[in-house]
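The block underneath contains the structure these notes are about, expressed in C-alpha cells.
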Protein chains: 2
Amino acid sequence: MATIIDVAAKAGVSTTTVSRVLNDYSPVNRTTRNRVMEAIEELGYHPSSLAQGMRTQRTRTIGILIPTYRNYWYAELLNFIEQDARAAGYLPIVCTTEREPGGSEHVNTLLRRQVDGIILCWYHGIMTDRKYLSKIVRETPFVIMDQPADGLPVSSVYTNGYQGVKTLVEALIEGGHRKIGMIKYLAENSTSENRFLGYRDALREHGIQLDPRLIVHSDYSTEGGQEAASRLLASSSPTAIITVGDDMAIGALRHCYEHHIKVPRDISISGFDDIPIARTVIPSLTTVAQPIKLMAETATRQVIRHVEHPSARRQEFVFETSIVYRESTRFLNENGTARGRKRKKE
Amino acid sequence: MATIIDVAAKAGVSTTTVSRVLNDYSPVNRTTRNRVMEAIEELGYHPSSLAQGMRTQRTRTIGILIPTYRNYWYAELLNFIEQDARAAGYLPIVCTTEREPGGSEHVNTLLRRQVDGIILCWYHGIMTDRKYLSKIVRETPFVIMDQPADGLPVSSVYTNGYQGVKTLVEALIEGGHRKIGMIKYLAENSTSENRFLGYRDALREHGIQLDPRLIVHSDYSTEGGQEAASRLLASSSPTAIITVGDDMAIGALRHCYEHHIKVPRDISISGFDDIPIARTVIPSLTTVAQPIKLMAETATRQVIRHVEHPSARRQEFVFETSIVYRESTRFLNENGTARGRKRKKE
DNA sequence: ATGAAAGCGCTAACAA
DNA sequence: TTGTTAGCGCTTTCAT
C-alpha cells in the first residue's frame, strides 16, 4: 500500500501538503493541489485510518454491542445505525455478546480498538459488573439502549414497554379476554420485566387476579416461544397469549398450528417489537411497535454528539409504542370488536 | 487511557519489558513479570490495537461485506463467522452494501482500516469493477462467498445450487407436478442464475417445455416474493412454485394465504437456504439447505490462512445441498408421495 | 534479563 | 503557500 510519503515524493511536495489536500484545510495552491490529487489517483492511495487514529486520537468508529445478529429486531437496528453512522462519517464495529454474557470482554475489545463511542444494547446478564462499567463510561461516550441509564452518567434510548403492553392488555380485556397468558423473560431483565408489569397492572386495574399458571418464562427465541406456549397451554387454557417479543410470538403461533388450535379463532396471540416479518407470518401478528428507526437515529446521533462534544449533556430518550392490530388477535365481544376497529389497524 | 509508558513507569522497567510481558516472548524475570502484571492490573491497561497495528502491520481484523443484515441467511452467516474469527483472535468488521451496490467504496473503507483480509459475499451489482477488484486481491487476502472466483486469484466458498434445485424440481416432477413456477433474481446474479439453470435442466430432461409465464423476477426480500407470487399467479396457474431464496418463498406463502389458496393443498411452495425460520412458518417450508456453518467456518479459516501464510494456495470449496421436505410441498400422485416419503424429512 | 532507540503513517505546531 | 519537526503507542532489532 502506498503511503503519504510516496504521494509526496511523486507530487514533489512535502507530506504536510499532501495531508492538507487530503483534509482540505488551510490554503493550498491550485496547481499544487492538482499535482497531489493526480499522484493520489495514480498510486491508488488511501490514507491509513490507523495512522490517522494514532495521531488524532479519534478513529471515527463506534462500537455496537448487541446480543446476536439472529434476531430481526437487532438486524433492523444495525441496519439503521450503520446508515446513520456512515452518513456522519463513522464506521460501526459490532460485537455480539450472546456467547459471553459478561460483556466486559467485548467492551475491552472495542476500547482497545480505540472506538470513539459505544452503543450498548443491554441484555440480561450483560455488564453486570457495574463497577467496571461506571469506570468506563467516564472515559468513553456511551449510549445505553433498551434500558434506563439507572444512575450511570450516560445517555439512554428505550421504549415505554410498560405502557405499550398495558394498553394492549386493556384492549384485550375490554374485548372480552379474561384469561390472558404471558410469555416473558427473566425478571432480572428490566426490559422484559417492565413489559410484564404493564400486563400485571392492566389486569389488576380491571380486577383480574394474577394467575401464576398463566405466566411462563422463555428466552427471546422462536423455539423458546414455541416451547413456552406448549407449557402454558398444558397447565391452563387462556383465550389470549401475549409475549414480550415477536420471535416468541411466532414460535407460539407455530405451537398452536401444530396442535390444531386456530389463531385467532381459538386463541389470540401478540408480540412486541413489530419486526418486519410480523406482517408476513400467517396469521399476521398483532404486536406492540417500537419506533425503531427513530430509536436507532437517536442513539447514533447521541453517541456521536458525545464524541464531538464531550461535555454535552447526557439525556434520556423514552419513546412511546403503538399497537398494531393484525390477524392474530380477535375480540370476543361486540364492545371489544368496536374498540378494536377504532384502533390503528392494517 | 493508560499507555505502555505508564505501566513501565509504575513497574519501574522499560517499555520493552512491558511489551515482552504482554506478548509473552523472550525470558522475563519472574519477579519483574509480576511487577509488570500488577501495574497492568492496577492501571486497567489494555494495549492499543491501533499502535500495535501500526507497528506490526497486522490488525487482526477481517472485513466482511454482505448485502444486508436484514436477511436471516446473512445473519446466520455473520453469527458463525464472528464465532470462528474470534476463536482465532480476529475481529470481524462488517459493511453492508445494500445501499451502495458498487461496493468498491466499502472495500476501500475496509482497506483503509488495514483489515488483514476480506470475506466478500458477492451480490448482483456489487464489485462489477473487476479491474479494481483484480488489483486489490493481489494486495489483500480475499475469500469470495456464494460465487466461483471466476478467474480471480482468490479462494471461494459456495454451494452447488444448480444441483440442489435440479434435484428438488425432479422430485416435484416425479411427484406429478408439470406446471412449476420459478421466482428468481436477475440473470446477472450468477447465484440465482445457477439455481435457475437447475430448474430449467430438470424440466428439459423430463421433456417439459419452459414456459416464460412461469418465470418471474424479484429481489431476495419477503415483500418481493409476495409481489412476485401475485404476478405469477395472475398470468398462469402452476401447481408448484420454487424460489431461489427462503424469504421470497415466505412472501409467496403470504400471498397464497391472502388469496385463500391453500398451501400445499392447492399449490406447493419451496425456498432455498433453510434459514432458521423456515421450519417455523406456517406451513413450514420445504427448502434446499446449504451447510451454512461449514461454509462460514471454511471461509473464515481460509481467509485467516491466507493472512498468516500469504503464499498458501487459493482453493475453491463447493458444497452440496440437501433438500429438506416440510409441509409446504406435496406430491400429486402415489409415486411422488412414495418417493417423497423416502427422502430426508422433518 | 533488560534497555535504548528507531520507526510504522499520519497530523499539527511552528517556522519560513 | 509550503516545509520542518515532533510525536501518537507500540514492537523490535541491537546493545549491554
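Basis for what follows: all heavy atoms, side chains included, without hydrogens, waters or symmetry-related copies. Here is how names work: the chains are called A, B, and so on, in the same order as the sequence lines, proteins then strands, and each is numbered from 1.
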Side chain to side chain donor-acceptor pair (under 3.5 Å) between Q114(A) and S49(B), worked out: CA-CA 7 Å; Q114(A) 315 291 109; S49(B) 303; over 6 Å; no

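- Across dT1(D), dG9(C), dA1(C), the shortest atom-to-atom separation from the side chain of P27(A) is found for dT1(D).
- Comparing dT2(D), dG9(C), dC10(D) by their nearest atom to the side chain of A51(A) picks out dG9(C).
- Position along DNA chain C of the nearest nucleotide to S26(B) versus M54(B) favours S26(B) as the more 5'-ward residue.
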Verdict with reasoning, F317(B) to Y158(B), per ring pair (Phe, Tyr, Trp, His ring centres under 6.0 Å): CA-CA 6 Å; F317(B) 299 86; Y158(B) 59 98; 9.8 Å; no

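- The distance from atom CZ of R58(A) to atom C1' of dT11(C) is 14 Å, rounded to the nearest whole Å.
- Each of T56(B) and T15(B) was assigned the nucleotide of DNA chain C with the nearest heavy atom; the assignment lying further toward the 5' end belongs to T15(B).
- Rounded to whole Å, the distance from CG on N23(A) to P on dA12(C) is 7 Å.
- Using a 4.0 Å heavy-atom cutoff across all strands shown, T16(A) reaches at least one base atom of the nucleic acid.
- In this structure, a donor-acceptor pair under 3.5 Å is absent between the side chains of S155(B) and E316(B).
- Atom CD of E308(A) sits in a crowded spot, with more than 12 heavy atoms from other residues, nucleotides or ligands closer than 6.0 Å.
- Taking atom CG of L22(B) as the reference point, atom C1' of dC10(D) lies 10 Å away to the nearest angstrom.
- The base of dG3(C) sits within donor-acceptor range of the side chain of R20(B), with an N or O pair under 3.5 Å.
- S14(B) has a side-chain polar atom (N or O) that falls below the 4.0 Å cut-off from OP1 or OP2 of dG3(C).
- Here the P atom of nucleotide dG9(C) and the CG atom of D6(A) are 8 Å apart, to the nearest Å.
- Here Y45(B) lies in heavy-atom contact (under 4.0 Å) with sugar-phosphate atoms only.
- R55(B) has its CZ atom 16 Å from the P atom of dC8(D), to the nearest Å.
- Heavy atoms of V18(A) sit nowhere under 4.0 angstrom from any nucleic acid atom.
- Between K293(A) and D84(A) no salt bridge is recorded (no basic side-chain N to carboxylate O distance below 4.0 Å).
- Taking only side-chain nitrogens and oxygens, Q57(B) comes nearer than 4.0 Å to OP1 or OP2 of dG9(C).
- The side chain of T17(B) places an N or O atom within less than 4.0 Å of a non-bridging phosphate oxygen (OP1 or OP2) of dG3(C).
- Ring centroids of Y220(B) and Y185(B) are separated by less than 6.0 Å, placing the two rings close together.
- I5(A) has its CD1 atom 10 Å from the C1' atom of dG7(C), to the nearest Å.
- Rounded to whole angstrom, the span from the CG atom of L50(B) across to the P atom of dT11(D) amounts to 13 Å.
- Taking only side-chain nitrogens and oxygens, Q52(A) comes nearer than 4.0 Å to OP1 or OP2 of dT11(C).
- Taking atom CD on Q114(A) and atom C1' on dG9(D), their separation rounds to 9 Å, with Å as the unit.
- The residue S19(B) sits close to a base: some heavy atom pair falls under 4.0 Å.
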